[in-house]
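Below is one structure, written out as structure tokens; comments come after it.
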Number of protein chains: 2
Amino acid sequence: MSYSIKEIAKIMGITPSTLRYYDSEGLLPNVKKVNGRRVFEDKDFKWLRVLNCMKNINMPIKKIKEYVKLAQKGDATLQERYNLILQQKESIQKQINELNTCLKEFEFKEWYYKTAIEAGTEKVVENISSISPTLEIDKIPKNYKKEGK
Amino acid sequence: MSYSIKEIAKIMGITPSTLRYYDSEGLLPNVKKVNGRRVFEDKDFKWLRVLNCMKNINMPIKKIKEYVKLAQKGDATLQERYNLILQQKESIQKQINELNTCLKEFEFKEWYYKTAIEAGTEKVVENISSISPTLEIDKIPKNYKKEGK
DNA sequence: ACTTGACTTAAAGTTAACTTTAACTTGTAT
DNA sequence: ATACAAGTTAAAGTTAACTTTAAGTCAAGT
């Protein structure tokens with residue numbers, strides 16, 4: 001089975017232009033061309049899924065290109081690719097942790113506004129602040145000293 | 001207790017320039033000025049934490065500004081702010097889900113490369129692909145029909 | 001009085017990731 | 001044969017989110 005750029009774009013939820021841009025940046029290796037047109041085959045899907053993942057975790061295009069280039073060099077770069085994957089795994093974990101902390105903050109806000117709406121005014125809740133510390137600020141001890149030279 | 005822009009920047013892990021930029025975009029309401037200089041007080045911290053959260057969940061500055069403006073209008077906008085919070089909560093959930101799916105993909109890759117490195121070559125594993133479907137691609141039924149007009 | 005260091009603004013510059021435009025090719029339908 | 005739809009490239013344009021620069025203010029220390 002083979003697919004046109006339009007079909008692949010639809011499946012990936014992006015525009016054909018973006019796919020062409022990715023190709024121009026070297027993110028789509030091994031994509032065939034027939035009569036000058038890109039033709040995507042089943043084997044390309046495996047990579048498209050990974051590419052999609054890499055985009056989802058906010059890997060910059062430069063970094064993805066780096067990975068693609070390593071992969072094209074074959075077995076000699078296995079260790080390097082492994083390291084890159086581990087590094088990205090950590091980054092994902094960090095992002096998930098951050099999002100979970102923020103989710104708590106937003107759950108607090110949800111309660112905050114629900115309560116305020118019921119009371120008709122924010123005054124009822126405005127001195128209450130979320131407990132979850134997301135910022136260094138919340139970790140500052142009470143006797144925090146500013147740095148003096 | 002009051003803090004200079006430099007101290008706040010350090011605490012938030014950004015540069016003073018970025019804080020000034022945020023201020024110029026209206027993201028730092030109610031920040032005092034003494035002799036033309038910004039002075040941050042304890043009461044500003046509550047908002048800085050929320051701002052930090054909003055940045056972490058990739059809320060665009062425009063959207064954050066929108067929220068700030070609503071908040072400044074007082075009780076009349078409680079419902080609107082509540083809705084905005086709910087909307088963002090959903091967005092966070094979606095992001096967490098995406099990241100978790102990608103984490104699985106990367107955990108597969110970790111195994112993939114570990115196995116390949118042990119064997120000395122990728123050939124041992126290269127036909128195996130992760131099972132977790134992250135892309136519409138993986139949900140396409142075998143008898144997928146392209147659209148015909 | 002003068003230098004220093006930390007601040008200020010306004011405006012221009014940067015970067016990443018697209019997006020749009022313009023001019024062109026090609027296979028299919030009428 | 002001709003028109004049309006869908007693709008192509010190269011290059012210019014856009015947008016968000018900063019970052020840098022230049023020129024200036026201000027309080028404290030020597």
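Reminder, nothing fancy here: chain letters follow the sequence lines and each chain counts from 1.
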Which atoms form the tightest heavy-atom contact between V31(B) and V39(B), and what is the distance? CG1-O, 3.8 Å

Once you apply a heavy-atom cut-off of 4.0 Å, does P16(A) come out as touching a base, just sugar-phosphate, or nothing? nothing

Atom CD1 of I57(B) to atom P of dA17(D): distance rounded to whole Å? 13 Å

Considering only nitrogen or oxygen atoms on both sides, find all protein atoms under 3.5 Å from nucleotides 9-12 of chain D and state each distance.
from: dT9(D); atom 1: OP1; to: K33(A); atom 2: NZ; distance (Å): 2.6
from: dT9(D); atom 1: OP1; to: R38(A); atom 2: NH2; distance (Å): 3.2
from: dT9(D); atom 1: OP2; to: R38(A); atom 2: NH1; distance (Å): 3.2
from: dT9(D); atom 1: OP2; to: R38(A); atom 2: NH2; distance (Å): 2.8

Can a salt bridge be assigned to the pair R81(B) and E122(A) using a cut-off of 4.0 Å between side-chain N and carboxylate O? yes

Within a strict 4.5 Å, meaning less than it, do heavy atoms of the K104(B) and F108(B) side chains meet? no

Within this structure, what is the CD1-to-P distance between I8(A) and dT8(D), rounded to whole angstrom? 12 Å

Whole-Å distance separating the CG atom of N58(B) from the C1' atom of dA17(D): 12 Å

Do we see a donor-acceptor contact under 3.5 Å between the side chains of E105(A) and T101(A)? no

Who passes side chain to side chain contact (heavy atoms under 4.5 Å, CB included) against N35(A), sequence neighbours left out? none

N35(B) side-chain N/O to dA27(D) phosphate OP1/OP2 under 4.0 Å: yes

Round to the nearest Å and state the distance from K6(A) atom NZ to dC4(D) atom C1'. 13 Å

In short, V125(B) meets A116(B) closest at the heavy-atom pair CG2-CB, 3.9 Å

Please work out which residues in residues 24-31 of chain A have a non-hydrogen atom less than 4.0 Å from an atom of DNA chain C and list them by number. none

Between Q93(B) and N97(B), is any side-chain donor less than 3.5 angstrom from a side-chain acceptor? no

Who are the side chain to side chain contact (heavy atoms under 4.5 Å, CB included) partners of D42(A), not counting sequence neighbours? M1(A), Y3(A), F45(A)

Of all the heavy-atom pairs spanning P16(B) and I5(B), show the shortest one and how long it is. O-CD1, 3.7 Å

Consider only side-chain N and O atoms of S91(A) and Q95(A), and report whether a donor and an acceptor are under 3.5 Å apart. yes

Rounded to the Å, how far apart are I5(A) CD1 and dA6(D) C1'? 11 Å

Exercise answer: donor-acceptor pairs, residues 59-73 of chain B side-chain atoms, under 3.5 Å, sequence neighbours excluded:
from: Y67(B); atom 1: OH; to: K109(A); atom 2: NZ; distance (Å): 3.4
from: Y67(B); atom 1: OH; to: Y113(A); atom 2: OH; distance (Å): 2.6

Where along nucleotides 18-25 of chain D does protein come under 4.0 Å, by heavy atom, of base (B) or sugar-phosphate alone (S), with - for untouched nucleotides? BBB----B

Send over the distance from M59(B) CE to dA16(D) C1', rounded to a whole Å. 15 Å

Rounded interatomic separation in angstrom, taking CG from L19(B) and C1' from dA6(C): 15 Å

Send over the distance from E7(A) CD to dA6(D) P, rounded to a whole Å. 11 Å

